[in-house]
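Every value quoted in this text rests on a predicted model; they were computed, and no experiment measured them. Chain naming here is simple, since letters A, B, ... match the order of the sequence lines and numbering starts at 1 in each.
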Amino acid sequence: MNYWLMKSEPDEFSIDDLARKKSEPWSGVRNYQARNYMRDGMRAGDGIFFYHSSCPEPGIVGIASVGSAAYPDPTQFDPRSDYFDAKSSRTAPRWFLIDVKFKRKLKRIIGLADLKARPELRELALVKPGNRLSVLPVTKAQWDFILGLE
DNA sequence: GCCAACGTTGGC
DNA sequence: GCCAACGTTGGC
């Protein structure tokens, strides 16, 4: 079992949105490294930290899980979608996604500043300078440590 | 294949 | 709104 962190802007899609919908196809990721994590790294049942970015209180707000194996992101084929990619095709899809399944909200937000302040999380990809990936790997040790902060 | 210009992310 | 740190694009 592997662990991940996925960012979302709460104005676009928040943990409460996920709680209401139960499961959400994570469409719109258009970064190759993030795609590779979803397509090649994720397996159904993997753990996900749900992170709110670009908001007054950035931080980890909930727990989700990977609900499916990776499959082609349908929005890449839709000319009316913001995520349409003319260079992709159904026979050779470029972008993949997984379903994100709601587990629970955290009792409190574990803020970015808090995460940054912990020596145990120095290697967490999220707190490395310049990391803008929306999908990041988390080690089991980091996962367990962060859960302990709740 | 290089690299400058441009666009995006995301914290502050 | 600013700015650092990227990734992408496109001319050559």
Side-chain angles (χ1 to χ4, degrees), chain A residues 2-21 23-42 46-66 70-139 141-143 145-150:
Chain A
N2 291 310
Y3 301 93
W4 310 92
L5 181 145
M6 297 179 81
K7 298 179 188 172
S8 187
E9 299 186 18
D11 288 349
E12 299 294 323
F13 192 85
S14 72
I15 188 69
D16 291 323
D17 294 324
L18 185 63
R20 194 172 60 249
K21 297 188 69 176
S23 181
E24 179 73 5
W26 211 249
S27 59
V29 173
R30 294 294 180 266
N31 171 283
Y32 287 103
Q33 203 178 339
R35 177 205 67 182
N36 293 346
Y37 284 140
M38 289 197 289
R39 188 188 60 184
D40 308 327
M42 289 189 177
D46 282 0
I48 298 171
F49 281 135
F50 197 95
Y51 178 92
H52 280 174
S53 67
S54 294
C55 59
E57 210 178 349
I60 296 169
V61 295
I63 311 285
S65 69
V66 177
Y71 59 96
D73 181 343
T75 62
Q76 71 194 304
F77 308 125
D78 179 0
R80 291 161 305 175
S81 168
D82 288 343
Y83 302 119
F84 177 65
D85 185 346
K87 293 176 184 162
S88 186
S89 71
R90 288 182 189 276
T91 48
R94 179 177 289 191
W95 304 110
F96 288 78
L97 55 71
I98 50 97
D99 292 338
V100 175
K101 222 166 115 185
F102 179 76
K103 298 278 258 193
R104 65 180 180 88
K105 282 178 78 167
L106 295 188
K107 298 185 205 86
R108 68 174 190 96
I109 297 176
I110 303 175
L112 180 61
D114 197 355
L115 297 169
K116 279 183 173 168
R118 307 287 177 163
E120 294 88 346
L121 300 177
R122 207 171 290 142
E123 296 305 313
L124 182 67
L126 179 75
V127 304
K128 295 269 191 169
N131 206 319
R132 304 172 308 157
L133 274 181
S134 61
V135 180
L136 302 165
V138 175
T139 67
Q142 291 163 348
W143 177 272
F145 180 80
I146 291 169
L147 278 183
L149 297 177
E150 186 179 358

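Heavy atoms only, all atoms of each residue included: A/Met38 and A/Ala70 are closest at O-CB, 3.6 Å.
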Please report the C-alpha distance between A/Thr75 and A/Asp73 in whole Å, then the side-chain angles of each, then the deciding distance to 0.1 Å, and finally whether the side chain to side chain donor-acceptor pair (under 3.5 Å) criterion is met. CA-CA 6 Å; A/Thr75 62; A/Asp73 181 343; 2.7 Å; yes
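Side-chain contact between A/Ser54 and A/Glu9 is present, with heavy atoms from C-beta onward closer than 4.5 Å.
A/Arg35 forms no cation-pi arrangement with A/Phe96, by the criterion of a distance under 6.0 Å to the ring centre and an angle within 45° of the ring axis.
Salt bridge present: A/Glu123 and A/Lys128 bring a charged side-chain N and a carboxylate O closer than 4.0 Å. A/Glu150 and A/Lys105 are not joined by a salt bridge, as no carboxylate oxygen comes within less than 4.0 angstrom of a charged side-chain nitrogen.
Ring geometry for A/Trp26 against A/Phe13 counts as perpendicular: the plane angle is over 60°, on a 0 to 90° scale with 30° as the lower cut.
Axis orientation changes by 10° from one end of the helix from B/dG1-C/dC12 to B/dC12-C/dG1 to the other, with each end axis drawn from 5 pairs and the value rounded to 10°.
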Heavy atoms under 4.0 Å is the rule here; annotate nucleotides 7-12 of chain B 5' to 3' with B where the base is hit, S where only the sugar-phosphate is, and - elsewhere. BBBBSS
